[in-house]
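Worksheet: the structure to be examined is printed underneath.
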Amino acid sequence: MRVLLVGGGGREHALAWKLARDDESLELIAAPGNPGIASLGRCVKADPSDAAALLDIARAVQPDVTVVGPEAALAAGIVDRFREASLPIFGPTRAAAEIETSKAFAKHLMVSAGVPTARAIRHTDAAAAHRAVRDFAAPVVIKASGLAAGKGVVVCGSLEDADDAIDAMLLRGIHGAAGSEILVEEFMQGEEVSLLALTDGDAVLPMLPAQDHKRLLEGDAGPNTGGMGAYAPVSIADAPLVDRIVDEVFRPTLGALREGGRTFTGLLYAGLMITDDGPKVVEFNCRFGDPETQALLPLLESSLLDPIAAIARGDRLTGQDELRWRAGASVTTVVATAGYPDAPRKGDLIELAEMPEGALLFHAGTIRTPSGQLATAGGRVAAVTAVADTFGEACRRSADGAACVRFAGRHFRSDIGWRELHRHARAS
Ligand code: AMP
Ligand code: GLY
């Protein structure tokens with residue numbers, strides 16, 4: 001099968017790795033790809049947010065299926081354009097992708113469909129937002145409605161901090177148009193779980209639950225990042241809870257999208273808070289999570305390509321479609337540059353030592369220099385995933401693997417999976 005893969009991060013390297021395992025004769029073209037993906041296929045220069053340029057590439061390549069990684073491509077309407085050109089593509093239309101690209105839309109949809117989520121009010125006027133905040137107790141969450149590169153959410157410890165966040169977004173425009181509409185949202189207490197599911201718009205094929213580590217520093221301290229690591233499965237999200245999330249979150253959300261004329265096909269990602277009152281939605285993403293994908297796919301024994309190709313062709317998933325997972329655990333450690341996430345340093349040469357047994361290296365922000373050396377090119381440089389029979393072993397090998405990716409100013413967390421590790425220790 002010929003696959004065009006859009007994107008060039010660690011998530012896309014993991015997708016490329018899995019798709020190549022699913023089809024030994026896979027012909028992979030990645031736009032733009034990265035040096036890791038280059039060992040699995042051909043990389044062509046491309047800007048993932050330029051849907052017209054990607055359509056030109058697809059017309060030339062004639063892929064059997066296009067798989068889209070980043071939300072920017074989906075927000076730019078790549079799926080709409082490819083469908084008009086009768087090119088099979090895996091992902092939601094621009095209108096369906098609003099579940100991620102407009103938090104105001106997502107919240108409205110959840111409320112109308114009865115999906116459990118935090119109470120929120122949307123505002124475009126700062127004075128009105130200041131008044132609305134007074135109806136909430138601190139902590140309170142201020143969110144830019146649009147895509148803000150993972151920086152649009154501020155958890156405010158006091159109402160004064162909330163006022164500052166409101167002013168920064170609505171008066172000073174720090175996120176531009178993405179922050180011209182905000183949500184003032186109730187703070188939810190609990191542990192976060194990511195549940196990703198493939199869908200044809202109706203049927204739901206959930207993956208294993210995963211947990212992201214968004215904070216930069218060990219012990220979940222420091223600023224929010226795109227994700228410093230992830231693991232799967234997550235024992236607090238056992239099979240009955242996953243069933244409950246499918247019934248209470250995925251089915252009503254997909255139903256409301258269908259009824260609104262925005263049928264969602266592709267991968268729907270629910271970021272959930274597991275509260276004392278049950279699971280509640282923090283956010284939806286319209287694409288695979290990064291770094292959750294790097295943790296999940298190495299555990300997936302059954303084909304990912306088959307359901308992806310079926311959904312891209314517009315086929316319905318059948319009762320036979322299921323995802324089978326190997327036993328054990330997977331832990332992914334992200335290796336980042338100095339200065340990440342605010343001002344990532346680039347251009348440091350990378351030296352790769354041999355990975356420990358069971359560890360996989362996924363490239364993210366790497367490039368080849370003209371002389372063929374590997375160098376850093378983005379904040380998150382690589383992700384190292386280790387799969388093992390026990391959770392503790394997966395944690396150790398993942399951190400040991402991350403230490404094998406060497407460059408000046410390197411930073412990684414050696415405590416990925418710490419909550420789960422504590423749970424395992426308590427249970428034994
Ligand atoms: P988001 O970009 O919506 O995923 O938000 C980023 C992070 O902010 C989440 O992963 C949570 O850790 C935190 N967060 C967002 N909304 C809430 C909320 N209502 N209550 C508690 N934490 C939240
Ligand atoms: N890991 C969070 C995200 O992909 O948005």
Side-chain angles (χ1 to χ4, degrees), residues 7 9-12 14-15 68-72 74-75 97 99-107 110 115-122 133 136-157 162 165 169 175 178-179 182-196 207 209-216 220-232 234 267-277 279-297 332 334 336 341 364 379-380 383 416 419:
R11 164 184 54 203
E12 287 78 21
L15 283 163
V68 186
E71 64 277 13
L74 299 163
I99 191 106
E100 171 169 358
T101 61
S102 168
K103 288 186 194 288
F105 168 73
K107 188 63 73 172
M110 283 187 268
V115 172
T117 185
R119 182 169 76 92
I121 309 178
R122 55 172 283 271
V133 156
F136 291 78
V140 60
V141 186
I142 306 296
K143 296 186 171 185
S145 179
L147 289 180
K151 292 184 179 153
V153 174
V154 190
V155 178
C156 306
M169 291 185 200
H175 301 305
I182 63 161
L183 292 181
V184 177
E185 184 168 295
E186 165 201 14
F187 178 80
M188 295 183 284
Q189 196 79 52
E191 198 170 322
E192 283 180 74
V193 169
S194 310
L195 190 64
L196 286 63
M207 301 196 134
Q211 188 170 71
D212 187 4
H213 293 53
K214 289 209 167 86
R215 301 298 199 97
L216 181 67
D220 290 332
N224 260 327
T225 69
M228 293 300 296
Y231 69 91
V234 187
L267 186 291
L268 182 61
Y269 165 133
L272 302 143
M273 192 70 81
I274 310 303
T275 73
D276 289 345
D277 299 330
K280 294 186 181 181
V281 176
V282 178
E283 62 159 353
F284 282 114
N285 292 322
C286 63
R287 38 88 195 160
F288 285 93
D290 188 341
E292 287 94 331
T293 303
Q294 293 92 308
L296 286 164
L297 296 187
T332 298
V334 168
R380 291 191 287 178
I416 303 300
R419 284 196 188 81

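One-based numbering, in listed order, for ligands and for the atoms of each.
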Once you round to the nearest 0.5 Å, how far does [atom1] of [X] lie from [atom2] of [Y]?
{"X": "Leu296", "Y": "Leu196", "atom1": "CG", "atom2": "CG", "result": "6.0 Å"}
{"X": "Tyr231", "Y": "Ser194", "atom1": "OH", "atom2": "OG", "result": "10.0 Å"}
{"X": "Lys107", "Y": "Phe105", "atom1": "NZ", "atom2": "CZ", "result": "13.5 Å"}
{"X": "Leu272", "Y": "Phe284", "atom1": "CG", "atom2": "CZ", "result": "7.5 Å"}
{"X": "Glu192", "Y": "Asp220", "atom1": "CD", "atom2": "CG", "result": "9.5 Å"}
{"X": "Lys151", "Y": "Asn224", "atom1": "NZ", "atom2": "CG", "result": "10.5 Å"}

Give the minimum heavy-atom separation between Glu71 and Cys286, together with the two atoms involved. CB-SG, 4.3 Å
Subset of ligand 2 atoms that lie under 4.0 Å from at least one heavy atom of [X]:
{"X": "Asn285", "value": "3 (C), 5 (O)"}
{"X": "Tyr269", "value": "1 (N), 2 (C), 3 (C)"}
{"X": "Asp212", "value": "1 (N), 2 (C)"}
{"X": "Gly289", "value": "4 (O)"}

For ligand 1, which is the ligand I care about here, please tell me if Asn224 has any N or O atom under 3.5 Å from one of the ligand's N or O atoms. no
Taking only non-hydrogen atoms of Lys214 and a 4.0 Å limit, the atoms of ligand 1 in range are 4 (O), 10 (O)
Numbered in order shown, the ligand 1 atoms found under 4.0 Å of a heavy atom of Lys103 are 1 (P), 2 (O), 3 (O)
Side chains of Tyr269 and Glu292: is there a donor and an acceptor less than 3.5 Å apart? yes
Have a look at [options] and point out the one with the heavy atom closest to [atom].
{"atom": "atom 19 (N) of ligand 1", "options": "Glu185, Met273, Glu283", "result": "Glu185"}
{"atom": "atom 14 (N) of ligand 1", "options": "Val140, Val282, Leu183", "result": "Val282"}
{"atom": "atom 17 (C) of ligand 1", "options": "Asn285, Val141, Leu272, Val155", "result": "Val141"}

What do you reckon, does Arg287 put a non-hydrogen atom under 4.0 Å from ligand 2? yes
Using a 4.0 Å heavy-atom cut-off, say whether Glu292 meets ligand 2 through its side chain, its backbone, both or neither. side chain
Part of Gln189 within contact of ligand 1 (heavy atoms, under 4.0 Å): neither
Between Met188 and ligand 1, which residue portion shows a heavy-atom distance shorter than 4.0 Å: side chain, backbone, both, or neither? both
Polar side-chain atom of Glu186 near backbone of Ala118 as donor-acceptor pair, under 3.5 Å: no
Any sub-3.5 Å donor-acceptor pair from Arg11's side-chain atoms to Phe288's backbone N or O? yes
What is the closest protein heavy atom to atom 8 (O) of ligand 1, and at what distance does it sit? Val153 CG1, 3.5 Å
Could you check atom 11 (C) of ligand 1 against the protein and tell me its nearest heavy-atom contact, residue, atom and distance included? Glu192 OE2, 3.1 Å
Please report the C-alpha distance between Glu100 and Arg287 in whole Å, then the side-chain angles of each, then the deciding distance to 0.1 Å, and finally whether the salt bridge (charged side-chain N to carboxylate O under 4.0 Å, His left out) criterion is met. CA-CA 9 Å; Glu100 171 169 358; Arg287 38 88 195 160; 3.1 Å; yes
Do Asp290 and ligand 2 have an N or O pair less than 3.5 Å apart? yes
